[in-house]
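Worth saying up front: this structure is predicted, and the values here are computed from it rather than measured. Keep in mind that the numbers below use all heavy atoms, side chains included, and drop hydrogens, waters and symmetry copies. Residue numbers start from 1 in every chain, and the chains themselves are labelled A, B, ... in the order their sequence lines are given, proteins ahead of strands.
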There are 2 protein chains.
Amino acid sequence: MIARSEAKARTRQQLLSAAQEAVQKEGASALSLRGVARRAGVVPSAVYRHFESRDALLTQLILDAYTSLAETLEAAVGTRIAGDSWRRAAQALRAWALRHRHEFLLIYGTPVPGYRAPVETVAAAARVAAVFISRVPDTPQEHLNASLHAQLAGPARDFGVSPAQLGQALAETSQLVGALVLELGGHFVGTADPADHLWNQILEAQQQRQSGAEAPSEIT
Amino acid sequence: MIARSEAKARTRQQLLSAAQEAVQKEGASALSLRGVARRAGVVPSAVYRHFESRDALLTQLILDAYTSLAETLEAAVGTRIAGDSWRRAAQALRAWALRHRHEFLLIYGTPVPGYRAPVETVAAAARVAAVFISRVPDTPQEHLNASLHAQLAGPARDFGVSPAQLGQALAETSQLVGALVLELGGHFVGTADPADHLWNQILEAQQQRQSGAEAPSEIT
DNA sequence: CACGTAGGTGAACAGTGTTCACTGAACTAC
DNA sequence: GTAGTTCAGTGAACACTGTTCACCTACGTG
């Protein structure tokens with residue numbers, strides 16, 4: 001009666017949402033294939049009809065997390081490129097990270113098993129990166145060193161920005177990701193533990209840099 | 001004949017170095033209590049005479065990693081506080097992270113089991129942080145927002161620096177840690193993958209900020 | 001209608017962390 | 001010097017884990 005492909009898609013979806021729930025609640029290390037199967041009302045070996053292994057299931061969750069984050073960021077910045085686009089993207093990033101802390105660490109924390117094959121995830125990751133890269137104002141007040149310029153020339157072309165913009169984006173997103181990793185890892189306990197103020201401080205400084213911080217651009 | 005406490009200390013050391021080797025080679029997720037016991041020539045249950053659980057063993061490795069990192073940083077910057085102290089510390093940080101990538105991720109990556117009790121690790125972490133915090137020049141060219149200032153007032157006193165210095169240190173170390181986490185996680189593949197040039201660029205920018213970017217108001 | 005495909009089953013294997021009664025040698029006290 | 005205690009290490013067991021395999025059987029197609 002019920003179409004087979006439809007039934008397959010349904011249990012696959014049940015497996016995925018069970019896995020997603022487990023990760024969201026307790027983190028990737030607590031994700032058990034058997035537990036997922038249990039919650040989906042299915043025997044453990046049945047999972048292998050849908051995913052090659054536990055790690056493949058986890059990889060799918062990583063891809064989904066990337067997509068979720070990318071959509072959130074894109075929705076936050078909208079289509080227009082305004083002066084506060086970077087700030088909006090950064091705020092949306094932290095909000096998403098705090099709301100989905102285990103997924104954030106799944107993406108930006110320790111790579112999961114031995115090595116995670118970056119091949120499939122590169123495209124998903126690029127979509128997230130693109131939001132930030134495209135929001136860097138192209139006033140390259142900080143000139144790149146020659147080596148980095150050469151290294152980024154090709155990739156920058158792909159993103160449709162200048163090497164200086166790409167370099168700036170990489171440096172600044174490093175700060176954003178680092179602050180979130182440290183916050184989620186509890187490394188600010190005792191200093192800036194609710195990291196809201198530190199986050200605002202960082203955003204202000206970044207905004208100031210990007211809008212051409214120097215009143216006196218003496219140094220050539 | 002052989003003193004019992006001495007024998008105990010020896011096997012404990014063997015367990016620890018076996019565990020350290022395992023983590024160094026394959027990462028924390030691959031650390032197996034039974035494997036450690038095997039390499040130490042001991043039955044699995046014997047490990048429980050030395051460590052409360054697998055997570056306790058891992059916690060000890062985290063503490064050791066903190067100590068190793070702190071000693072490396074302290075050796076790199078020396079006792080004097082020179083103008084390039086920050087840069088030296090940062091370079092030493094990256095060198096250590098690349099040389100001990102799994103230990104670095106053990107510290108700054110995804111927290112291991114459910115939640116890692118930060119109580120014991122706080123002191124060890126503070127030693128690492130202190131190296132950077134004490135190397136921020138106290139020319140607070142970027143004034144903090146009032147909320148962050150208030151939040152950091154107490155902790156800054158403990159470190160013997162101004163709130164502005166502490167805030168700056170937290171913001172800049174976030175960038176350093178973030179860049180390393182992204183590099184080790186493979187997030188720069190396709191753009192700045194050998195991240196040496198990006199790292200230098202980041203350090204130059206930080207140095208410029210700290211030396212008071214706007215004017216040559218040299219060291220007082 | 002007959003047949004092959006394939007999602008789901010259940011048993012098994014090797015591995016894991018952890019517990020527990022136990023042994024026996026090193027220490028302590030008399 | 002002998003009796004008693006402490007305790008690092010043992011071995012078996014428990015409950016879990018990921019993964020494989022032969023099997024079943026209902027769907028979809030010829």
Side-chain angles (χ1 to χ4, degrees), chain A residues 1-23 25-62 106 110-117, chain B residues 1-23 25-62 106 110-117:
Chain A
M1 228 22 163
I2 296 159
R4 188 156 62 179
S5 62
E6 189 183 321
K8 165 161 182 178
R10 210 185 51 193
T11 55
R12 185 193 152 96
Q13 192 49 47
Q14 283 177 337
L15 288 170
L16 268 178
S17 62
Q20 195 166 0
E21 187 188 348
V23 164
K25 212 189 291 176
E26 309 173 80
S29 63
L31 182 119
S32 142
L33 183 145
R34 291 181 107 103
V36 167
R38 222 175 289 132
R39 265 192 239 285
V42 137
V43 98
S45 58
V47 179
Y48 289 84
R49 299 288 169 196
H50 302 269
F51 303 96
E52 214 177 19
S53 66
R54 194 202 92 126
D55 289 349
L57 174 58
L58 212 46
T59 299
Q60 186 56 53
L61 291 183
I62 292 175
L106 192 61
T110 309
V112 224
Y115 302 112
R116 167 165 47 104
Chain B
M1 227 24 163
I2 297 160
R4 189 157 61 181
S5 62
E6 187 184 322
K8 166 161 183 177
R10 210 184 50 191
T11 54
R12 184 194 152 96
Q13 193 50 47
Q14 283 177 337
L15 288 171
L16 268 179
S17 62
Q20 197 166 359
E21 187 187 349
V23 164
K25 211 187 294 174
E26 312 173 78
S29 64
L31 182 121
S32 142
L33 184 144
R34 291 181 110 103
V36 167
R38 222 174 289 133
R39 266 194 238 285
V42 137
V43 97
S45 58
V47 180
Y48 290 85
R49 298 286 167 201
H50 302 269
F51 303 97
E52 215 177 20
S53 65
R54 195 202 91 124
D55 289 350
L57 174 56
L58 213 45
T59 299
Q60 187 55 54
L61 292 182
I62 292 175
L106 192 61
T110 309
V112 223
Y115 301 111
R116 166 166 47 106

[X] versus [Y], closest heavy-atom pair with distance:
| X | Y | value |
| --- | --- | --- |
| A/Ala30 | A/Glu26 | CB-CB, 3.6 Å |
| A/Leu106 | A/Ala28 | CD1-CB, 3.4 Å |
| A/Arg54 | A/Ser29 | NH1-O, 4.5 Å |
| B/Arg39 | B/Ala18 | CB-CB, 4.0 Å |
| A/Leu31 | A/Leu61 | CD1-CD1, 3.8 Å |

Checklist entry - Between residues 45-52 of chain B and DNA chain D, which residues have a heavy-atom gap below 4.0 Å? => result B/Ser45, B/Ala46, B/Arg49, B/His50
Checklist entry - If you check every side-chain atom of B/Ser32, which of C/dT16, C/dT18, D/dG9 has the closest atom? => result C/dT16
Next on the checklist: Just to be sure I understand the rule, does A/Leu31 reach a base, reach only the sugar-phosphate, or reach nothing, if contact means heavy atoms closer than 4.0 Å?
Outcome noted: sugar-phosphate
Whole-Å gap separating [atom2] ([N]) and [atom1] ([X]):
| X | N | atom1 | atom2 | result |
| --- | --- | --- | --- | --- |
| B/Arg54 | D/dA15 | CZ | C1' | 17 Å |
| B/Leu15 | D/dA8 | CG | C1' | 11 Å |
| B/Arg39 | C/dT16 | CZ | P | 11 Å |
| B/Leu58 | C/dT16 | CG | P | 16 Å |
| B/Arg38 | C/dA14 | CZ | P | 14 Å |
| B/Leu57 | C/dG17 | CG | P | 10 Å |
| A/Arg34 | C/dT16 | CZ | P | 16 Å |
| A/Glu26 | D/dT17 | CD | P | 11 Å |

Checklist entry - Just one of B/Glu21, B/His50, B/Gln60 clears the side-chain contact (heavy atoms from CB on, under 4.5 Å) bar with B/Leu16, so which one? => result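 The side-chain contact (heavy atoms from CB on, under 4.5 Å) with B/Leu16 is passed solely by B/Gln60 among B/Glu21, B/His50, B/Gln60.
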Next on the checklist: Less than 4.0 angstrom between a side-chain N/O of B/Ser53 and OP1 or OP2 of C/dG17, yes or no?
Outcome noted: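 False: B/Ser53 side-chain N/O out of range (4.0 Å or more) of C/dG17 OP1/OP2.
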Checklist entry - Roughly how far, to the nearest 0.5 Å, is CG of B/Leu33 from CZ of B/Phe51? => result 9.5 Å
